[in-house]
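Quantities reported herein were computed from a predicted structural model and do not represent experimental measurements. Each residue takes its place number in the sequence, starting with 1. Counting starts at 1 for both ligands and their atoms, in listed order. Worth knowing before you read on, the calculation uses all heavy atoms, side chains too, and leaves out hydrogens, waters and symmetry mates.
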Amino acid sequence: MALLTPEDLENIKRQLQEADSAVRRVTGLDIKGVCKALYGTTSGFETVGIVPVTSGNGIIGNFSASLHAIVEYFGFDSFVTELPDVSGYYEAVQNGAEIILMADDHTFLAHNLTNGKIANNQPCTGMIYAEIASLYTKADSRDVLVVGLGKVGFPGAAHLVHKGFNVYGYDADKNLLNKAISKLGITSFDPETPRKFSIIFEATPCADTIPEAVLSEKCIISTPGIPCAISAELQQKYDVELVMEPLGIGTASMLYSIL
Ligand code: NAD
Ligand code: 2YH
């Protein structure tokens, strides 16, 4: 399980503003608009309690502060509890939190205490990055390449299938690829016989996962994967529209999914 680092989260507000501009440029909607398209919800200024969690590898510098900045950016009220863990959860509820955000090394959840809905970061991240890819206004067809079919990539691929896209999938793990083929009916993509795509959704923890041969001029790469799936040189050479941000887009998807 890849963990975020404090460096990934530096200047999160600026990263989020830049990602919002990129999303607007490629889809015509801002991130809130994409969430509305996905879930049909809008924020009613709910109060979000952010609870630091010390278990496992412990507290990640910048994590709670970044969530605070992200949640406020999307128009919610929020506070970070002084205490962590169970005491922090108690503190959040006592201080009027309507939504709890908390993460250990395996699960990052959002729980709406008012309506009981709960969200997990990985499927929510997959869904919104796939949705952004699907809304690309300059796509030349409904063919999409999905690279990485794990906990983020699989739900994203499922979303694209559900929306009627022709999904070509690849994962270095043959079992996961076969699961996606049998459960979702996607087509296996063979990196040895590549073709060009104008829509690419990537969700792996590795760099340089997208072969040059699949890139078409001005294609979109929508990717939550850290590190980036494509080099700066290739991005420039093919004038790639890159949507990539370490925490905020996925968190927005979680919050809007439970309103
Ligand atoms: P995962 O381990 O469940 O899945 C990753 C998949 O990528 C695996 O199935 C693996 O076999 C595959 N893979 C690895 N190298 C590959 C390659 N070269 N070509 C094709 N497939 C390859 O991980 P996950 O939970 O799905 O997370 C994926 C990435 O997304 C991680 O980097 C994670 O940190 C990141 N993430 C980002 C956000 C965000 O908000 N930006 C949120 C959640 C996860
Ligand atoms: O980054 C993570 C894990 N990869 C799970 C998220 C799933 N994409 N967890 C963050 C841990 C935060 C820490 N416990 C804290 O500071 O509260």
Side-chain angles (χ1 to χ4, degrees), residues 1-9 12 15-16 19 22-23 31 49-68 70 80-81 83-86 88-89 92 100-110 119-130 132 145-158 168-180 188-192 194 200-211 214 221-230 242-255:
M1 165 75 58
L3 284 173
L4 285 166
T5 67
E7 294 72 38
D8 292 330
L9 300 173
I12 193 70
Q15 294 195 57
L16 192 49
V23 170
I31 297 168
I50 298 158
V51 183
V53 173
T54 63
S55 70
N57 285 293
I59 287 176
I60 295 175
N62 290 341
F63 186 75
S64 293
S66 297
L67 287 181
H68 187 49
I70 290 162
V80 179
T81 58
L83 296 170
D85 307 324
V86 175
Y89 187 98
I100 301 287
L101 272 185
M102 61 199 300
D104 66 12
D105 294 350
H106 304 283
T107 302
F108 172 20
L109 67 80
N120 181 310
N121 176 256
Q122 287 153 332
C124 288
T125 299
M127 293 268 289
I128 192 163
Y129 278 86
I132 290 166
L145 175 62
V146 178
V147 179
L149 292 159
K151 292 180 282 302
V152 173
F154 185 92
Y168 295 76
Y170 176 69
D171 195 292
D173 180 334
K174 283 237 157 55
N175 289 329
L176 287 181
L177 176 59
N178 288 335
K179 180 183 142 206
S188 172
F189 171 74
D190 178 7
E192 298 303 313
I200 300 171
F201 162 55
E202 194 266 7
T204 83
C206 300
D208 304 321
T209 52
I210 300 174
V214 305
I221 300 181
S222 183
T223 175
I226 302 168
C228 186
I230 184 171
L242 184 66
V243 177
M244 177 194 168
E245 186 278 338
L247 188 63
I249 296 178
T251 302
S253 179
M254 295 165 74
L255 291 171

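- Taking distance alone, with nitrogen or oxygen atoms compared against 3.5 Å, Ala103 approaches ligand 2 more closely than that limit.
- Neither the backbone nor the side chain of Leu4 has any atom closer than 4.0 Å to an atom of ligand 1 (non-hydrogen atoms only).
- The shell of residues lying under 4.0 angstrom from ligand 2, judged by heavy atoms, excludes Gly250.
- Atoms of ligand 1 found under 4.0 Å from any heavy atom of Asn121 (numbered from 1 in listed order, with element): 42 (C), 43 (C).
- Looking at Leu149, Val152, Ile249, it is Val152 that brings a heavy atom closest to atom 44 (C) of ligand 1.
- Inter-residue side-chain proximity for Thr223 and Ile210 is flagged as unmet; no heavy-atom pair is nearer than 4.5 Å.
- Shown in contact with Pro52 at under 4.0 Å from a heavy atom are these atoms of ligand 2, numbered in order with element: 17 (O).
- Exactly one residue among Thr5, Leu3, Leu9 makes a side chain to side chain contact (heavy atoms under 4.5 Å, CB included) with Phe63. That residue is Leu9.
- Contact of the Ser188 side chain with the Leu177 side chain is registered, since non-hydrogen atoms from C-beta on lie closer than 4.5 Å.
- Considering backbone and side-chain N/O of Asp171, one or more are found under 3.5 Å from N/O of ligand 1.
- Side-chain contact between Thr251 and Ser66: absent, with no pair of heavy atoms (C-beta onward) separated by less than 4.5 Å.
- The ligand atoms of ligand 2 that sit less than 4.0 angstrom from a heavy atom of Gly58 are 13 (C), 14 (N).
- Considering CD1 of Ile31 and CD1 of Ile132, their distance stands at 6.5 Å, rounded to 0.5 Å.
- For ligand 1, one of its N or O atoms has an N or O atom of Glu245 under 3.5 Å away.
- Close N/O approach between Ile226 and ligand 1 is found [any backbone or side-chain N/O within under 3.5 Å].
- Here Tyr89 contributes atom OH and Thr81 contributes atom OG1; the two are 12.0 Å apart, rounded to the nearest 0.5 Å.
- Residue Ile60 has at least one N or O atom closer than 3.5 Å to an N or O atom of ligand 2.
- Closest non-hydrogen pair, Cys124 versus Gly250, comes out as CB-O, 4.3 Å.
- The two residues Asn62 and Pro6 make their nearest non-hydrogen contact at ND2-O, 3.0 Å.
- Here is the list of ligand 1 atoms found below 4.0 Å of a heavy atom in Leu176: 9 (O).
- Distances below 4.0 Å separate heavy atoms of Pro246 from the following atoms of ligand 1: 39 (C), 40 (O), 41 (N).
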side-chain hydrogen bond (donor to acceptor under 3.5 Å, both in side chains) for Asp85 and Thr54? Distances and angles first, verdict last. CA-CA 7 Å; Asp85 307 324; Thr54 63; 2.6 Å; yes

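- Counting only heavy atoms from C-beta outward, the side chains of Ser55 and Asp105 never approach each other to under 4.5 Å.
- With a 4.0 Å cut-off on non-hydrogen atoms, Asp105 touches ligand 2 through its backbone and not its side chain.
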Candidate pair Leu4 and Phe108, rule side chain to side chain contact (heavy atoms under 4.5 Å, CB included), full reasoning: CA-CA 12 Å; Leu4 285 166; Phe108 172 20; over 6 Å; no

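- The closest side-chain donor-acceptor pair between Asn121 and Thr125 falls under 3.5 angstrom.
- Going from atom CZ of Phe189 over to atom CG of Asp171 covers 13.0 Å, rounded to the nearest 0.5 Å.
- Paired with Ile230 under the rule side chain to side chain contact (heavy atoms under 4.5 Å, CB included), one option of Ile221, Thr209, Asp208 passes, and it is Ile221.
- Contacts between Asn121 and ligand 2 below 4.0 angstrom, taking non-hydrogen atoms only, involve the side chain exclusively.
- Residue Cys206 places no N or O, backbone or side chain, under 3.5 Å from any N or O of ligand 1.
- Less than 4.0 angstrom separates some heavy atom of Gly150 from each of these atoms of ligand 1: 3 (O), 4 (O), 9 (O), 26 (O).
- By the 4.0 Å heavy-atom criterion, Ser64 is excluded from the residues contacting ligand 2.
- Interface atoms of ligand 2 facing Leu3, defined by a heavy-atom separation under 4.0 Å, are 1 (O), 2 (C), 3 (C), 4 (N), 9 (N).
- Here the side chains of Tyr129 and Glu245 are in contact, with some heavy-atom distance below 4.5 Å.
- The proximity of Thr125 to ligand 2, defined as any non-hydrogen pair under 4.0 Å, does not occur for either the backbone or the side chain.
- Every N/O-N/O distance between Gln122 and ligand 2 stays at or above 3.5 Å.
- Checked against a 3.5 angstrom limit, the closest N/O atoms of Val53 and ligand 2 fall inside it.
- When all heavy atoms of Pro246 and Asp8 are compared, the closest pair comes out as CG-O, 3.4 Å.
- Taking every non-hydrogen atom of Leu247 and a distance limit under 4.0 Å, the qualifying atoms of ligand 1 come out as 40 (O).
- Checked against a 3.5 angstrom limit, the closest N/O atoms of Lys151 and ligand 1 fall inside it.
- Listed by number with element, the atoms of ligand 1 under 4.0 Å from a non-hydrogen atom of Thr209 are 17 (C), 18 (N).
- Residue contact check: Phe108 has heavy atoms under 4.0 Å from atoms 6 (C) of ligand 2.
- Across the listed options Val51, Ile50, Asp104, Leu67, Asp104 owns the non-hydrogen atom lying nearest to atom 10 (C) of ligand 2.
- Shown in contact with Asp173 at under 4.0 Å from a heavy atom are these atoms of ligand 1, numbered in order with element: 11 (O).
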CA sep, side-chain torsions, deciding dist, call: Val214, Val147, side chain to side chain contact (heavy atoms under 4.5 Å, CB included): CA-CA 11 Å; Val214 305; Val147 179; over 6 Å; no

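- Contact atoms of ligand 2 toward Leu4: 1 (O) (distance under 4.0 Å to a heavy atom of the residue).
- Considering backbone and side-chain N/O of Pro224, one or more are found under 3.5 Å from N/O of ligand 1.
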